[in-house]
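In the text below, chain A, chain B and the rest are named by the order of the sequence lines, each starting its count at 1. Everything quoted here is computed from the prediction, not taken from an experiment.
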Amino acid sequence: MQSANRPTDRTVQLMATCLCDAFFDDVARATVEVLEHVGCEVEFPENQTCCGQPAFNCGDWSASREVMRHTARVFDGSKPVIVPSGSCAAMLFHGAPLEFEKEKDLPTIQKLANRTWELADFLVNGLGIEKWSGRFPARIAFHRACHTRGTGSAEAALKLLESIEGLEVVPFGEAEQCCGFGGTFSVSFPHVSSSMGCLKLEHLTEMNPDFIVSGDMSCLMHLSGLAERGEKPVKTLHFAQILQTALHRHG
Amino acid sequence: MAEQKVELFARRLDHGIQKAVHSNSAAGTEKRYNVLGTDYSAPDDLRRLAGQIRQHSIEYLDTYLEQAEQSLKRQGAHVHFAVTAEDACRAVSDILKKAGAKKVVKSKSMISEEIYLNDHLGTMGIESVETDLGEYIIQIDGDHPSHIVKPIIHKNRRDIAKSFEREGLGDYNDDPETITRRARVFMRDKYLQADAGITGANFVSAESGRLVLVTNEGNSRFCLAAPKIHIALVGIEKVIPSDADLAVLLNLLGRSATGQQLTVYTEFINGPARTDRPSGPQEMHVIFVDNQRSQILASDCREILRCIRCGACLNVCPVYRQASGHAYRSVYPGPLGAVLSPLLAGKKFKELADLPKASSLCGACNEVCPVDIPIPDLLLRLRNRGHQEHAPSPGTPPMGAFAKLASSPLIWRFAMKSNKVMNLVPLEKLPLPYLQPWLKTRTLPAWRGGEFRSWMKSRHKK
Amino acid sequence: MSTAREQIFSSVRAALTPLPERTPRPVFSKDVAEPKWLAAETDSLALFQKRAEATGTKCFTDMEACASWLRAQAVRVVYIPPPLTRLVALCSEFCEVTSEYSRARVNEIDAAFTPSAGAIAESGSIILSDGSTPDRLAALAPWHHIALVSRAEIHRTIADALAAMPADPNLIWVTGPSKTADVEGILIQGVHGPGAQACLIL
Ligand code: SF4
């Protein structure tokens, strides 16, 4: 689905995502440190906002295109664009070309799509990193975020996680099932969305993992929000945070 | 605040039904996954190939439909065309009237559900009996199927036993085996007395004119054993180029639908009885039904016409598992229905324009679809169409202001920074219509707007 | 010519004409959908037996074993088409044998032998055609159905069978006994068709 010749230069542009901008600065920081550890120079275009996915998913494609045009201007150039979220990355490389399919500036949008990498995908399939150094003694359940279906992201993240000393990835049932977030779906279908999330939590916690890990803060925000309301809080981590922490615990 | 209809239905759904739908669907998903894994090293390549075969078939429908018509005629079948659902119903009853047929046995066919054939035949004074066990139970209950392969997934044995008792098929007995035996005995007489058998078709091979029918119960075979007339109702999109394509399609259909390599009965119908082959119906009629399909072919959602009705997308769909089939208010539920039903509604699109919204866009449906239909993309296109046609969409926040904000970096940054003030506000008290449904079952993390930006800046100064 | 026909064809054409390009017909090899375990199976007869048993079809290779199974099943009336005289003799020992399939006796005849038009090893399916089966009901209505399969007519794969379909008005692949899981997902055999499916390989 994604272009085979995405750039792999080590000077990269970071799209931090609006969720990290608003809530999860620690995840964005972890992303920067992880990228720098593998020798990347990370640029952060200041004018970035959001990928436009909320409007896209609501069906308001003209509003979404307005945001996407802005994003395409902000991330002009030829460097790889790295996104620490499978969902926002998919918006850039798949959703955007879809909403621009009848627009004149489709080529501009396609160019951006062809430079976009989800973080784990970039590390493993872009830079060829196979192992991650450091230690992280814990048992984790890894939730494969839905928008990484059909991409190499989940396998890439798992490959790195499993290579970390002391870290054990535990299996769980119905792994293909969604966490129920779905953006505005979570507020327009609150019952269905929460029920999906509770089921997901049941599965994820089957083996009592220390952390629930994913490459998408949106899923994790939904899951931890549900668990906290249900008074059975869970600990969640973005996989970049594990990579980052593992490095600090190195030797 | 008004609610989404699927949400409302799911919230009110009986807990027992929801559990049954969930576990039955999950079991179906697992079976499919296991059999494909055991049998193929690259099932996704096979799905893509099947997708291309079907996409090719519909994009050359003009050619193949004509070829199928010729082939069928060559074998002695009568070929009819019906533009609308009403036309299709009338075509069936005209054939029956002409032959003086009063009793009909029917094998399961989604298109006959789609055109409400049984209701029509009823008003014409023709008895039409559904012979598939599940469909028969639906018929005696005056109910609607809630799954395209497992029509009574929403019923339990006690419900069924009560219906059988009411219909005079014996005293209350909820043993599934007894239920099945009673249906066997009852159907026997119906088959032998029927004047005509009505079926659908899973595929029609243009080259050979063969109609392919798959079942597990053997009822379609019975419908074509005793009666003298066979009427097949076929959506125009069911045409495939040749028999050779079935090697791919049949191998995926059984595995995707029920985890079987092949369904028990795979039947190839090649015309009416002949003097040297006297068994079976003497008259064969094929009615090709459009009912909006050519309009769908013209739309940007034509990929949905690839569908081979396996039901895998229903089984895997987390929303279907929560809401069950009736939530979709149409013959086709689940992800397939969320795309197909509003399109089949034609001018009444808006009435079902909420269905494409009933999805978290997780994409599991596309991942299991044997013909690789990009269902999430089609849902999104339909959402866009709904938005453009101002279809009502309760609970969907307006996006104009968001777009303005997200295209104005200065305001965005200011908003991010000042958001921290939210940490001091009791969120539950805020009159924000889209925040409350979130907060009812979830908490929000603490606002840390702008923190990352400052951190990034401070590092660059160093 | 019917107007409905013209209307449908013209809207189909109208829908397709604006397409900038149409999806070409894919080229694929005949064996593309063969399961990965098939290559290791060199003996079609053995494979057929294995797959047939796995899908619930009993396989017999001699008449005695088949007859004693029917005896154990307490069969009362068996239909055996001519010229299977030896089988007739074997079955006559314990039940009524009829050489004519009469629809008047549909509910009495509880076992039937019918010749098949071959079999498919890959899927363990029996192929029945109008040419080989005198009455479709004979292979469908009795609780026990035994298809007579000739070794020489076993196709190795589904694709092979598709490529060699006879031009009979009706051809059916039977893969196991009639079944349903409509009631609570519980598997029940023998819904409308045979509850016990077997084949006698000759
Ligand atoms: S859309 Fe695909 S998965 Fe769903 S019923 Fe149709 S063929 Fe099966």
Identify which part of [X] has an atom lying under 4.5 Å from any heavy atom of chain C, answering side chain, backbone, both or neither.
X      : value
B:S57  : neither
B:E66  : both
B:L36  : neither
B:N24  : side chain
B:L246 : both
B:A244 : backbone
B:A82  : backbone
B:A50  : neither

Heavy-atom pairs under 4.5 Å with chain B: which of [options] has the most?
options                     : answer
C:E184, C:Q189, C:Q197      : C:E184
C:L19, C:D135, C:D168       : C:D168
C:G124, C:P18, C:G56, C:P35 : C:P35

Donor-acceptor contact below 3.5 Å, side chain [X] vs main chain [Y]:
X      : Y      : value
B:Y40  : C:A33  : yes
C:D182 : B:G134 : yes
B:K150 : C:V183 : no
C:R136 : B:R221 : no
B:R184 : C:G193 : yes
C:S178 : B:E217 : yes
B:R277 : C:S129 : no
B:Q52  : C:P24  : yes
C:H192 : B:T131 : yes

Looking just at side-chain N and O atoms, do B:E267 and C:N170 make a donor-acceptor pair shorter than 3.5 Å? yes

Indicate whether any N or O donor in one side chain lies under 3.5 Å from an N or O acceptor in the other, for B:Q55 and C:R22.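 No, no side-chain donor-acceptor contact under 3.5 Å.
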
Is it true that the NZ or CZ of C:R25 lies under 6.0 Å from the centre of B:Y60's six-membered ring and within 45 degrees of the ring axis?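 Judged by the rule (NZ or CZ under 6.0 Å from the ring centre, within 45° of its axis), C:R25 is not positioned above B:Y60.
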
Run B:R157 and C:I186 through side-chain contact (heavy atoms from CB on, under 4.5 Å) and show every step you take. CA-CA 10 Å; B:R157 59 177 87 189; C:I186 297 159; 3.1 Å; yes

For a quick test of reading the model, state the closest non-hydrogen atom pair linking C:S125 to B:L262 and the distance between them. OG-CD1, 3.6 Å

Give me the atom names and distance for the closest heavy-atom approach of B:L46 to C:V32. CD1-O, 3.8 Å

Flag the pair B:F222 / C:V191 as yes when at least one side-chain heavy-atom distance between them is below 4.5 Å, and no otherwise.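 Not touching, per the 4.5 Å side-chain cut-off.
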
Any side-chain heavy-atom pair of C:I8 and B:L65 under 4.5 Å: yes

Report the distance from atom [atom1] of [X] to atom [atom2] of [Y], rounding to the nearest 0.5 Å.
X      : Y      : atom1 : atom2 : result
C:Q7   : B:F81  : CD    : CZ    : 12.5 Å
C:L128 : B:Y265 : CG    : OH    : 9.0 Å
B:D175 : C:I188 : CG    : CD1   : 6.5 Å

Please step through side-chain contact (heavy atoms from CB on, under 4.5 Å) for the pair C:L16 and B:I58, ending with a clear verdict. CA-CA 9 Å; C:L16 294 174; B:I58 60 164; over 6 Å; no

Could you walk me through whether B:E59 and C:E21 pass the side-chain contact (heavy atoms from CB on, under 4.5 Å) test, one step at a time? CA-CA 9 Å; B:E59 288 183 8; C:E21 54 190 344; over 6 Å; no

Chain B contact via [X] - side chain, backbone, both or neither, heavy atoms under 4.5 Å:
X      : value
C:A141 : both
C:L140 : both
C:I172 : both

Most contacts with chain C, counted as non-hydrogen pairs under 4.5 angstrom, among B:I236, B:D245, B:D159: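 Option with the top pair count is B:D245.
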
